[in-house]
Amino acid sequence: MMSQIKAVRGTRDLLPPETELWNRVEATARRVFERYAFGEIRTPIFEDTQLFARGVGEETDIVSKEMYTWEDRPRAQSEKAQMLTLRPENTAGVVRAYIEHKLGDSGLLQKLYYIGPQFRRERPQKGRYRQFFQIGAEVIGPVSAGSESPLRDAEVLEMLATFLDELGVTGWTLELNSVGSAQDRPRYVEALRAALTDVAPTLCVDCQRRAVTNPLRVLDCKVLDDQDKINALPKIAEFLDEESRAHFAAVLAALDACGVRYTVNPRLVRGLDYYTRTTFEFTHGGLGAQNALLGGGRYDGLSEAIGGPKAPGIGFAIGADRLVLTLQAAASGEMAGALADVYVAPLGEARQAEALVLARELRRAGLRVELGEGSFRLKKSFEMGNKVARAIVLFGEDEAKSGVMTVKDFATGEQTKVARGDLAEFLRK
RNA sequence: GCGGCUAUAGUUCAGUGGCAGAACGCCGGUCUGUGGCACCGGAUGUCGUGGGUUCGACCCCCACUAGCCGCCCCA
């Protein structure tokens, strides 16, 4: 026997009834985002590898070791093969589209959201897959359109709080920080590096390594005994220039004004090179090591980094897989599959074609109808109907002749005779 | 990429170096125009894959694959 073909490592099938939850999450996102005047953008699932190398950052783990990259087939022998990559995130693609279609020339702020799969070749874990789904949005535009304003940051954060609330997610925490301008960050990293030369040898082995390879990561360390020493390290807030400082203060003031709860976390640093100023994360307990539900930040220099005009922006990406996980945990237990409104049971194979007509009438009237099978014995029709629908309509010889249907409600056990013309109305209640 | 745990029926899981098990679910019957409840009966399966040790391996050993937990990193 041939070996069975299975979904590849880190990918999975989403099946009903779980897909119902996915649809609810996506529908809520669309509804909320559109209320904030966002429009949907769909960018290709693969792009020129250079887009991510230049946009996300050559030195990031994502680009250096987690991308699905391959060489395209050259069209002609003379042509050089192009390197292509499955998108590991969607912001770079959106900014590329912004540049390519000269969206900034409208003079307007572009507010774009996306929903789709992303790909990273990481070791799979619960809540972390190699094909994962993100719901994200970007606010980007020329400075003259107000794209640099702290109001944009606050508006996006307030929108996310509303989104989570409307979805019924409870117990989330918003943490935010400012990582400063493109000039501030390198100065901070140097100061951190300097401070670590003394402190690092007393820290855990992981941090001793991080101190050299990626000093910012020391701030993420979770070893309890080292927390005091890490808190005593220089804070990035001390290295912000006047403008960045005022910008961050304005973001916080706007959040206070509309009552969005947050925690300033001076140790929140994010992994992508393009972030400037505001960075944030919404976390949720019960997700284990993958506790970030969504993350984002401002990226004032990204457009220029990939060859575009100056176009400051701010955006976020929601980890839909993790969001669905937390919703499932909260809904603990009852995940009732979608029940049809009615099960139409033809009694005898001679009734089958007419039963399809009856089902069609009810479906056109907007009811969810499951159509049974005439060869089933009556008892079996009832058993089947009881599993998939709220009520059953018997369609046998008597009903076909008289035009009066027999309906039984599975919940109450009540059985009623209903004229065919009144059936849809009767079942709707 | 690194470390640890795990893999037996559709599902959740027991199990022993000597015939493969339970519960739930599924199928059939008691009941040929009435489901749920009850009772009776039935099928569950290459014991993840491949090799090795052994008279004999689901069990012991090795490799591989996948999942989970942690690390790295991140949504």
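Order of the sequence lines fixes the chain letters, A, B, ..., with proteins taken first and strands second; residue numbering starts at 1 for each chain.
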Indicate whether the side chain of A:Tyr129 and that of A:Glu122 have a donor and an acceptor atom separated by less than 3.5 Å. no
Using a distance-only test with no angle check, is there a side-chain donor-acceptor pair under 3.5 angstrom linking A:Asp256 and A:Tyr262? yes
Kindly state whether the ring of A:Phe33 and the ring of A:Phe316 have centres lying under 6.0 angstrom apart. yes
Identify which nucleotide among [options] has an atom closest to any side-chain atom of [X], counting heavy atoms from C-beta outward.
{"X": "A:Leu347", "options": "B:G33, B:C74, B:G28", "result": "B:G33"}
{"X": "A:Arg377", "options": "B:C31, B:C27, B:A75", "result": "B:C31"}
{"X": "A:Arg120", "options": "B:C68, B:C74, B:G33", "result": "B:C74"}
{"X": "A:Gln125", "options": "B:C27, B:G1, B:C71", "result": "B:C71"}

Looking at [X], does any N or O in its side chain come under 4.0 Å of the phosphate oxygens OP1/OP2 on [N]?
{"X": "A:Lys380", "N": "B:G28", "value": "yes"}
{"X": "A:Arg123", "N": "B:G1", "value": "no"}
{"X": "A:Lys6", "N": "B:U49", "value": "no"}

Taking the basic N atoms (NZ, or NE/NH1/NH2) and the acidic carboxylate oxygens, is any pair closer than 4.0 Å for A:Asp321 and A:Arg12? yes
Pairing of A:Arg152 and A:Glu155 as salt bridge, 4.0 angstrom limit: yes
By nearest heavy atom, map A:Phe132 and A:Thr11 onto RNA chain B; which one lands nearer the 5' end? A:Thr11
Pick the nucleotide of RNA chain B nearest each of A:Lys387 and A:Arg121; which residue has the one closer to the 5' end? A:Arg121
Quick one: does any side-chain atom of A:Asn231 pair with a main-chain N or O of A:Asp228 as donor and acceptor, under 3.5 Å? no
Give a yes or no on whether the backbone of A:Arg87 and the side-chain of A:Thr85 come within a donor-acceptor separation of less than 3.5 Å. no
Taking [M] as the reference, what is the distance to [N] when you measure between their [atom1] atoms (whole Å, please)?
{"N": "B:A66", "M": "B:G56", "atom1": "P", "value": "32 Å"}
{"N": "B:C13", "M": "B:C58", "atom1": "C1'", "value": "15 Å"}
{"N": "B:G33", "M": "B:A14", "atom1": "C1'", "value": "44 Å"}
{"N": "B:G21", "M": "B:A38", "atom1": "C1'", "value": "25 Å"}

Mate of [N] where both pairing distances stay under 3.5 Å, Watson-Crick or G-U:
{"N": "B:C74", "value": "none"}
{"N": "B:A7", "value": "B:U65"}
{"N": "B:A20", "value": "none"}
{"N": "B:G28", "value": "B:C40"}
{"N": "B:C47", "value": "none"}
{"N": "B:G56", "value": "none"}

Any residue of residues 314-324 of chain A with a heavy atom less than 4.0 Å from an atom of RNA chain B: A:Ala317, A:Gly319, A:Arg322
What is the separation between atom [atom1] on [X] and atom [atom2] on [N], rounded to the nearest whole Å?
{"X": "A:Asp13", "N": "B:G67", "atom1": "CG", "atom2": "P", "value": "12 Å"}
{"X": "A:Trp22", "N": "B:A75", "atom1": "CH2", "atom2": "C1'", "value": "11 Å"}
{"X": "A:Tyr275", "N": "B:C74", "atom1": "OH", "atom2": "C1'", "value": "10 Å"}

Using 30° and 60° as the class boundaries, would you call the ring planes of A:Trp70 and A:Phe46 parallel, tilted or perpendicular? perpendicular
Side chain of A:Arg128, base of B:A75: donor and acceptor closer than 3.5 Å? no
What pairs with A:Ser303 under side chain to side chain contact (heavy atoms under 4.5 Å, CB included), at least two apart in sequence or on another chain? A:Val95, A:Ile99, A:Pro309, A:Ala311
Between A:Glu414 and A:Lys408, is a salt bridge (Lys or Arg N to Asp or Glu O under 4.0 Å) present by the stated rule, with each step listed? CA-CA 6 Å; A:Glu414 192 180 336; A:Lys408 185 164 185 178; over 6 Å; no
Can A:Lys380 be said to sit on top of A:Phe376's aromatic six-ring, NZ or CZ under 6.0 Å from centre and within 45° of the ring axis? yes
Could you tell me whether A:Glu281 contacts a base, only the sugar-phosphate backbone, or nothing, with contacts defined as non-hydrogen atoms closer than 4.0 Å? nothing
Counting primed atoms plus P, OP1 and OP2 as sugar-phosphate and everything else as base, spell out the protein contacts along nucleotides 35-40 of chain B at 4.0 Å heavy-atom distance: B, S or - for each nucleotide, 5' to 3'. BB----
